[in-house]
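The structure appears right after this line, and notes come after that.
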Protein chains: 2
Amino acid sequence: MTTIRDVAKKAGVSVATVSRYLNGNGYVSKDAEKAVEAAVKELDYEINQVARSLNTKKSNLIGLILPDITNPFFPELARAVEDVALTYGYTVILCNSDENPEKERNYTEQLKKKYIGGFIVISNQLDAPHYTDIKLPIVALDRAINESVPIVSSNNREGAALGTRALLDRGCRNILFLRGPEELNPANDRYEGFMAEIDGADAHFSVLTGPFHFEESEELVESFLKAHPETDGIFASSDVSAAGALKAAHKLGIDVPEDLQIIGFDGISMGEMLSPGLTTVAQDIYEMGAVAARMLIKLIENQPLEERFHEVPVKLIVRGTTRSVRT
Amino acid sequence: MTTIRDVAKKAGVSVATVSRYLNGNGYVSKDAEKAVEAAVKELDYEINQVARSLNTKKSNLIGLILPDITNPFFPELARAVEDVALTYGYTVILCNSDENPEKERNYTEQLKKKYIGGFIVISNQLDAPHYTDIKLPIVALDRAINESVPIVSSNNREGAALGTRALLDRGCRNILFLRGPEELNPANDRYEGFMAEIDGADAHFSVLTGPFHFEESEELVESFLKAHPETDGIFASSDVSAAGALKAAHKLGIDVPEDLQIIGFDGISMGEMLSPGLTTVAQDIYEMGAVAARMLIKLIENQPLEERFHEVPVKLIVRGTTRSVRT
DNA sequence: ATATTTTGTGTAACCGGTTACACACACCAG
DNA sequence: CTGGTGTGTGTAACCGGTTACACAAAATAT
């Protein structure tokens with residue numbers, strides 16, 4: 001392995017000059033620049049990032065802490081983070097936390113020892129000490145808790161209102177809202193958005209609390225529909241739950257969208273693979289990840305942040321689980 | 001930040017002794033051990049991994065190079081790799097290659113400068129110089145090319161035969177095989193498996209080549225079914241393609257599984273969310289990732305490998321897109 | 001009793017960079 | 001002509017670990 005000293009020797013200058021040339025700081029004469037350039041090329045020199053990190057106490061590593069990459073919402077997010085990281089010369093470490101604070105803490109501790117630059121975190125435990133005490137840049141994604149941590153999220157409230165209105169506009173008068181877990185911030189915002197919109201509307205509604213899981217949602221909806229056959233609209237606050245609802249409807253022989261309309265929330269790609277295609281309130285998942293990554297990198301590089309709270313707009317994607325609007 | 005020298009001073013020993021204690025090599029007396037232990041605890045000392053790496057030329061980093069985490073096949077794989085890595089004290093770096101050799105090369109180069117331990121690679125370019133010349137442990141996943149690289153994959157041939165037989169057993173006599181991309185090794189193996197099984201069977205068949213993408217598959221199948229309404233079975237060599245086929249069938253008003261039976265390949269979780277649930281030849285995706293990670297770590301730690309070629313069995317998961325077996 | 005091996009420890013070089021500081025020289029102002 | 005500023009460069013300390021080597025004491029062999 002060629003070192004900076006080899007380069008210095010070959011170029012006939014000191015290591016300091018080579019280092020200055022490499023980092024583009026301090027004075028380097030044109031002559032020296034040329035000589036170093038040539039030596040670098042000739043020796044095929046590549047800087048040793050580890051040695052560099054040891055001095056600068058920086059690495060171009062960023063950590064992405066998320067509950068579970070297996071959840072279809074996260075891969076696109078991860079992809080966005082990785083894409084942006086790459087363009088800025090950063091590398092991303094994947095951390096599946098399972099929402100387990102102990103695992104999260106373990107990651108933050110381990111990675112601090114590697115001089116990691118910062119973290120993008122999707123967690124409900126953002127007020128846990130391993131985040132508040134970390135002294136490292138953090139950007140929260142999707143879920144806010146701690147005021148001091150910059151966050152990017154969707155406009156969940158507005159999105160839920162949008163979805164609810166879509167159901168009402170399409171004639172639904174007996175609506176089931178699948179609320180999602182109570183401890184989940186975005187789920188709560190969506191709930192509020194739903195309530196705000198349904199309130200005063202000429203419609204009955206029910207709310208079911210449950211996890212964002214396919215099978216549980218399917219079972220939940222199946223028994224609900226059996227007990228409440230008059231239900232003509234379901235708004236699920238996640239696409240996976242909506243898929244469960246759709247499956248339940250199929251199982252019961254209910255015609256979607258003629259007798260029951262379904263709208264999901266998230267905009268994951270699976271939505272279009274269902275039959276009928278899932279109408280959904282789509283988040284711009286990629287954009288969320290990309291914005292978060294850019295924010296984090298700005299923080300790491302000590303650049304000013306224009307905003308500590310970035311809200312990404314949502315939009316309704318109309319597919320087959322809803323009818324056309326009644327006029 | 002407390003350093004090893006602080007610990008040494010507090011414990012009244014030399015840094016060498018502390019280092020030996022920390023790494024569990026060389027001689028350390030009971031007394032010294034106790035003193036160091038106490039000092040470590042008192043000072044809350046944590047070893048600096050970067051400084052350590054600089055000497056040992058090792059980091060507990062492993063790279064996971066895959067085409068695109070957004071493809072539903074990969075998250076589970078990534079999850080498995082990460083889980084295993086974690087238990088062995090390794091950290092995984094996520095690299096989306098888009099099957100682009102240049103991007104792959106970029107990653108391998110960049111990460112070598114960080115003394116990365118090795119790579120798990122899912123790529124068709126395994127014979128590219130950045131892999132053959134890398135001098136770092138590599139394990140190939142899913143796709144073999146280079147003899148010298150250990151690999152873990154599913155038994156694709158056998159799986160395809162299994163799926164084909166399932167279709168035949170269920171009465172299909174006009175079978176469409178969705179072959180997948182020609183440059184893809186597993187797709188070719190599946191093709192061979194299909195051919196081996198269909199050969200000699202009392203059935204007509206067609207083969208369509210196309211990417212493993214939902215929309216393309218849907219369009220492809222739609223036009224095929226229009227031209228060949230007698231088709232009574234589709235074997236797609238990926239679940240995503242199968243989902244496209246199912247969607248096309250629905251669009252054309254074909255009853256699945258009564259008039260057309262569909263079997264996919266992969267066993268991704270989306271399969272059960274479809275209606276009807278997708279019958280599929282399931283790979284044990286998690287197991288594949290886990291085995292690959294364990295193999296890589298063995299290589300990194302210079303432990304002997306029992307096998308350089310690990311084949312994970314597949315199994316047929318029967319759901320709603322197939323009928324019961326004719327007897 | 002002496003020779004040899006094993007155990008235990010410390011000093012200092014080293015991994016491969018960065019950078020504070022000292023110094024030299026050129027240029028310009030007064 | 002002197003002093004100040006800007007430019008260019010090298011030496012050596014430093015980042016925080018690991019480890020080769022030297023050496024001493026204890027244990028064991030002869």
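First the proteins, then the strands, lettered A, B, ... as listed; each starts at 1.
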Comparing B:Y115 and B:A16 on DNA chain C - which has the more 5′ nearest nucleotide: B:A16
Between D:dT19 (P) and B:Y21 (OH): distance, integer Å: 18 Å
A:N25 side chain, from C-beta outward: closest of D:dG10, C:dC15, C:dT19: C:dT19
Closest nucleotide among C:dG16, D:dG8, C:dT19 to the A:M1 side chain: C:dG16
Donor-acceptor under 3.5 Å (A:N71 side chain, A:F73 main chain): yes
Nucleotide of D:dC15, C:dG10, D:dG10 approaching B:T17 most closely (side-chain heavy atoms): C:dG10
B:K58 NZ - D:dT18 C1' separation (whole Å): 12 Å
Nearest listed nucleotide, side chain of A:I4, among D:dG16, C:dT9, C:dT18: C:dT18
OP1 or OP2 of D:dT7 under 4.0 Å from side-chain N/O of A:Y27: yes
Comparing A:T2 and A:R20 on DNA chain C - which has the more 5′ nearest nucleotide: A:T2
Touch class at under 4.0 angstrom, heavy-atom based, for B:S19 against every strand present: base
Sugar-phosphate only, base, or nothing, as touched by B:Y45 at under 4.0 Å among non-hydrogen atoms: sugar-phosphate
Gap between atom NZ of A:K34 and atom OH of A:Y21 - 0.5 Å precision: 11.0 Å
Nucleotide C:dT18, atom P - distance to CZ of A:R5 in whole Å: 10 Å
Salt-bridge criterion met for B:R105 and B:E102 (N-O under 4.0 Å): yes
Pair A:R79-A:E76, salt bridge (Lys or Arg N to Asp or Glu O under 4.0 Å): steps then yes or no: CA-CA 5 Å; A:R79 177 69 212 239; A:E76 196 172 340; over 6 Å; no
Nearest-neighbour nucleotide for the B:S29 side chain, C:dC14, D:dT19, C:dT9 considered: C:dT9
Touch class at under 4.0 angstrom, heavy-atom based, for B:L22 against every strand present: nothing
Spacing between B:K30 atom NZ and D:dA26 atom P, to the nearest angstrom: 18 Å
Polar side-chain contact A:N55-C:dG17 base: donor and acceptor under 3.5 Å: yes
Closest to side chain of B:L54, choosing from D:dG6, C:dG17, D:dG16: D:dG16
Nearest-Å distance for atom pair NZ/C1', residues A:K57 and C:dT18: 11 Å
Value in whole Å for how far the C1' atom of D:dG17 lies from CG of B:N23: 9 Å
Of the listed nucleotides C:dC15, D:dT11, D:dG17, the one nearest the side chain of B:T3: D:dG17
Touch class at under 4.0 angstrom, heavy-atom based, for A:V28 against every strand present: sugar-phosphate
Rounded distance in Å - CZ (A:R52) to C1' (C:dG16): 12 Å
Value rounded to 0.5 Å, distance of CG in A:L61 from CZ in A:F119: 9.0 Å
Sugar-phosphate only, base, or nothing, as touched by A:V13 at under 4.0 Å among non-hydrogen atoms: sugar-phosphate
Whether over 12 other heavy atoms sit under 6.0 Å from B:Y286 OH: yes
Between D:dT19 (C1') and B:I47 (CD1): distance, integer Å: 13 Å
A:V15 or A:E33, whichever maps to the more 5' nucleotide of DNA chain D: A:E33
